[in-house]
Amino acid sequence: MLKQNIHKSDNLDMPIRLLENSTKMKSTIFLGKVGLSISINRLMQSKFDEYDSIFVIVEQESARSSSEVEEKIWPKGTYITIRFAGTHEDAAPYYRKPLDYIEKKGYSLIEDALEITYIDYGLTGDPSQFVTEIQMLAK
């Protein structure tokens, strides 16, 4: 996982370019799986348009060949996940659904939320085909 700590931005393109320019793995950025994290604190305050870091999920083979990649193993547990058609700009209403589910089930959020873009303008010019996923680890 390549990671860049960046805070609130109206446009994710600039942080992605900063991340890209800080590594030798430039082509990876355009292959999807770009994500960001939103802290538990921001989630509890319903600040879904602010984020705490941006990252790229890289294939294991690419990761082995770069000293710039921070390895992250996702903790085992129950992930509450929602996918939707759209990008980070469309995500705010989709954060409420997993948070409501977590509350309804009596779970506790135990890690920052992850928002991963699988398909966006880097892969297609058709916004109706954009796919983004939000993951929240709860117990």
Side-chain angles (χ1 to χ4, degrees):
M1 178 174 74
L2 302 173
K3 183 177 175 184
Q4 176 84 28
N5 289 324
I6 299 177
H7 296 281
K8 186 174 179 174
S9 172
D10 294 329
N11 182 351
L12 288 177
D13 192 48
M14 179 57 79
I16 291 170
R17 294 307 145 241
L18 290 171
L19 181 60
E20 175 187 51
N21 290 334
S22 71
T23 71
K24 295 175 185 163
M25 303 179 73
K26 295 184 185 343
S27 63
T28 305
I29 304 293
F30 296 104
L31 300 177
K33 298 186 183 175
V34 173
L36 55 89
S37 70
I38 298 179
S39 70
I40 293 173
N41 188 39
R42 288 189 203 282
L43 292 169
M44 295 301 105
Q45 296 174 23
S46 296
K47 292 184 178 179
F48 308 128
D49 63 333
E50 298 182 25
Y51 53 95
D52 296 279
S53 70
I54 187 166
F55 59 88
V56 176
I57 299 171
V58 295
E59 298 300 321
Q60 193 169 17
E61 190 174 290
S62 297
R64 276 192 227 120
S65 66
S66 175
S67 61
E68 300 167 333
V69 175
E70 171 190 329
E71 185 172 328
K72 167 79 173 172
I73 309 239
W74 306 125
K76 291 182 181 179
T78 301
Y79 284 85
I80 311 306
T81 303
I82 186 169
R83 280 192 182 172
F84 61 92
T87 64
H88 178 67
E89 293 175 1
D90 309 305
Y94 294 98
Y95 276 93
R96 192 76 260 151
K97 291 180 181 187
L99 288 170
D100 289 345
Y101 181 84
I102 289 168
E103 184 179 333
K104 178 182 173 184
K105 291 292 187 177
Y107 294 156
S108 297
L109 194 58
I110 58 174
E111 188 140 323
D112 296 349
L114 301 177
E115 181 182 316
I116 302 168
T117 300
Y118 292 107
I119 301 173
D120 68 1
Y121 63 88
L123 296 175
T124 180
D126 182 358
S128 71
Q129 294 183 358
F130 292 175
V131 176
T132 299
E133 180 177 273
I134 297 170
Q135 299 179 5
M136 297 182 189
L137 180 59
K139 70 173 186 174

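Residues: numbered from 1 along the sequence shown.
Taking 4.5 Å as the limit, some side-chain heavy atom of Met44 sits within range of a side-chain heavy atom of Leu109. Between Pro98 and Thr81, every side-chain heavy-atom pair lies at or beyond the 4.5 Å cut-off. Residues Leu123 and Tyr118 form no side-chain contact, since every pair of their non-hydrogen atoms from C-beta on lies 4.5 Å or further apart. Side chains of Tyr107 and Lys139 form no contact here, defined as non-hydrogen atoms less than 4.5 Å apart. The side-chain heavy atoms of Ile38 and Glu50, taken from C-beta on, include no pair separated by under 4.5 Å. Glu133 has its side chain out of reach of Ile82: every pair of non-hydrogen atoms, C-beta onward, lies at least 4.5 Å apart.
For Thr87 and Thr132, the side-chain atoms include no donor-acceptor pair closer than 3.5 Å.
Partner of Gln135 under the side-chain contact (heavy atoms from CB on, under 4.5 Å) criterion, chosen from Asp112, Ile80, Ile116: Ile116.
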Under the side-chain contact (heavy atoms from CB on, under 4.5 Å) criterion, do Tyr95 and Glu115 qualify, and how do the steps go? CA-CA 10 Å; Tyr95 276 93; Glu115 181 182 316; 2.5 Å; yes

Do Arg83 and Val131 pass the side-chain contact (heavy atoms from CB on, under 4.5 Å) test, and can you show the C-alpha distance, the side-chain angles, and the key distance before you say yes or no? CA-CA 7 Å; Arg83 280 192 182 172; Val131 176; 4.3 Å; yes

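Aromatic ring orientation, Tyr94 versus Phe84: parallel (interplanar angle below 30°, classes split at 30° and 60°).
With rounding to the nearest 0.5 angstrom, the CG atom of Leu114 is 10.5 Å from the CD1 atom of Ile134. Note that CD1 of Ile40 and CE of Met136 are 10.0 Å apart. Values are rounded to the nearest 0.5 Å. Atoms OG and OH, on Ser37 and Tyr51 in that order, are 10.5 Å from each other to the nearest 0.5 Å.
Cation-pi contact between Arg96 and Phe48: absent, since separation from the ring centre below 6.0 Å together with deviation from the ring axis within 45° is not met.
Using a distance-only test at 3.5 Å, with no hydrogens or angles considered, no donor-acceptor pair links the side chain of Asp120 to the main chain of Phe130. Under a 3.5 Å cut-off, the side chain of Asp100 and the backbone N or O of Lys97 do not form any donor-acceptor pair. Thr124 contributes a side-chain N or O that, together with a main-chain N or O of Asp126, makes up a donor-acceptor pair within less than 3.5 Å. Ser39 places a side-chain N or O within 3.5 Å of a backbone atom of Arg42 that can act as its donor or acceptor partner.
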